[in-house]
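The structure under discussion appears below in the form of structure tokens.
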There are 2 protein chains.
Amino acid sequence: MKLEQAVGLVIRKHRTVEKISQFKLAELTGYDRSFISLLERGHRVPTVKTIFTIAYHLNISPAQFIDEVHQLVESDIME
Amino acid sequence: MKLEQAVGLVIRKHRTVEKISQFKLAELTGYDRSFISLLERGHRVPTVKTIFTIAYHLNISPAQFIDEVHQLVESDIME
DNA sequence: GTGTAGACTGAAGTCGACC
DNA sequence: CGGTCGACTTCAGTCTACA
């Protein structure tokens, strides 16, 4: 699957695990709520800085975040 | 240290390990050579896609790349 | 082989509003 | 709570050229 889609899935997965809303994640990270929405639906490719910030507030390491994205990209889920 | 600086150091480190020039890395990744130069000196914050592409051609996993960046950022080397 | 400069295009990220 | 729209600003990434 595509990189942006994988990034979106990983964010949404960990956000729901943490049981917080997009509003709350936006507040924590300092990013706009509409931007979080765009990311989760794979409509934006974030910068490395964005990944570090979001991963931090989702309580996972940036490397683990990227690794999960990598596995999704490598897999052929949904094509 | 700052994120951009860490990214630059990790790219340069692995590029020299691979014994290739900025020209060659630019050719392999499809990015502009001046952009590679900007990245290595910490003057740009790349997107996740850029990291995946560069890490691939430096023969390391994106997660390992990010982990090395993370360690540099966490350390207080050069400030 | 690398740093840098400037001018450019497209995409990241903001903000307010509405469904 | 989350999706979306439009208009906006900032910055990633291109390209040419020269030290």
Side-chain angles (χ1 to χ4, degrees), chain A residues 1-60 62-63 65-66 68-70 72-73 78, chain B residues 1-60 62-63 65-66 68-70 72-73 78:
Chain A
M1 73 191 307
K2 286 212 181 296
L3 181 65
E4 320 87 82
Q5 300 174 330
V7 169
L9 286 182
V10 174
I11 294 178
R12 180 157 295 184
K13 168 188 165 190
H14 287 280
R15 180 174 64 77
T16 54
V17 165
E18 294 293 316
K19 294 192 176 70
I20 61 179
S21 65
Q22 289 184 350
F23 286 89
K24 186 62 180 175
L25 182 57
E27 179 190 334
L28 290 171
T29 58
Y31 288 107
D32 197 82
R33 206 264 312 169
S34 68
F35 180 53
I36 302 291
S37 177
L38 286 170
L39 282 180
E40 289 192 356
R41 284 172 297 114
H43 292 186
R44 283 291 187 282
V45 177
T47 64
V48 179
K49 178 167 277 176
T50 303
I51 291 301
F52 269 69
T53 303
I54 291 181
Y56 177 79
H57 288 97
L58 290 179
N59 295 308
I60 54 179
F65 185 98
I66 292 298
E68 292 186 22
V69 171
H70 193 198
L72 285 174
V73 171
M78 290 177 66
Chain B
M1 73 189 306
K2 286 212 183 298
L3 180 66
E4 318 87 82
Q5 300 172 332
V7 169
L9 286 183
V10 174
I11 293 177
R12 181 157 295 184
K13 168 188 164 190
H14 286 281
R15 179 175 63 77
T16 53
V17 165
E18 293 293 315
K19 294 193 176 70
I20 60 179
S21 64
Q22 290 183 350
F23 284 91
K24 187 62 182 175
L25 182 57
E27 178 191 336
L28 289 171
T29 58
Y31 288 109
D32 197 82
R33 206 266 313 168
S34 68
F35 180 54
I36 302 291
S37 177
L38 287 171
L39 283 180
E40 289 192 357
R41 285 172 296 115
H43 292 186
R44 284 291 188 282
V45 178
T47 64
V48 179
K49 179 167 277 176
T50 303
I51 291 300
F52 269 70
T53 303
I54 290 181
Y56 177 80
H57 288 99
L58 290 179
N59 296 308
I60 54 179
F65 185 99
I66 291 298
E68 293 188 20
V69 170
H70 192 196
L72 285 174
V73 171
M78 291 176 67

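Numbers restart at 1 for each chain; the letters A, B, ... are given by sequence-line order, proteins then strands.
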(request) Identify, with sequence neighbours excluded, every residue that meets side-chain hydrogen bond (donor to acceptor under 3.5 Å, both in side chains) alongside B:Thr53. (result) none
(message) Taking side-chain contact (heavy atoms from CB on, under 4.5 Å) as the definition, give me every residue that meets it alongside B:Ser34, ordered by chain and number, with sequence neighbours left out.
(response) B:Asp32
(message) Base contacts versus sugar-phosphate-only contacts with protein, heavy atoms under 4.0 Å: please encode nucleotides 3-15 of chain C as B, S and - from 5' to 3'.
(response) BB-------BBBB
(request) May I have all residue pairs that pass salt bridge (Lys or Arg N to Asp or Glu O under 4.0 Å) and include part of residues 20-31 of chain A, sequence neighbours excluded? (result) A:Lys24-A:Glu27
(message) Taking side-chain hydrogen bond (donor to acceptor under 3.5 Å, both in side chains) as the definition, give me every residue that meets it alongside A:Lys49, ordered by chain and number, with sequence neighbours left out.
(response) none
(message) So, using salt bridge (charged side-chain N to carboxylate O under 4.0 Å, His left out) as the criterion, who are the partners of A:Glu40 when residues are at least two apart?
(response) A:Arg12, A:Arg15
(request) Could you list the residues that satisfy ring pair (Phe, Tyr, Trp, His ring centres under 6.0 Å) with B:His14, not counting sequence neighbours? (result) none
(request) Represent DNA chain D in dot-bracket notation, 5' to 3'. Only Watson-Crick or G-U wobble pairs with both distances under 3.5 Å count; pseudoknot-style crossings use [ ] and interstrand partners use |. (result) .||||||||||||||||||
(message) For chain A and DNA chain D, what are the first and last nucleotides along the strand, 5' to 3', with at least one atom under 4.0 angstrom from a heavy atom of the protein chain?
(response) D:dC1 to D:dT4
(request) Name all residues meeting the side-chain hydrogen bond (donor to acceptor under 3.5 Å, both in side chains) criterion together with A:Thr29; count only those two or more places apart in sequence or in a different chain, and write none if there are none. (result) none
(request) Could you tell me which residues satisfy ring pair (Phe, Tyr, Trp, His ring centres under 6.0 Å) with B:His70, sequence neighbours excluded, listed by chain and number? (result) A:Phe52
(request) Could you pull out all residues at least two apart from B:Arg33 that satisfy salt bridge (charged side-chain N to carboxylate O under 4.0 Å, His left out)? (result) none
(request) Calculate, to the nearest 0.5 Å, the distance between atoms OG and CG belonging to B:Ser37 and B:Leu25 respectively. (result) 11.5 Å
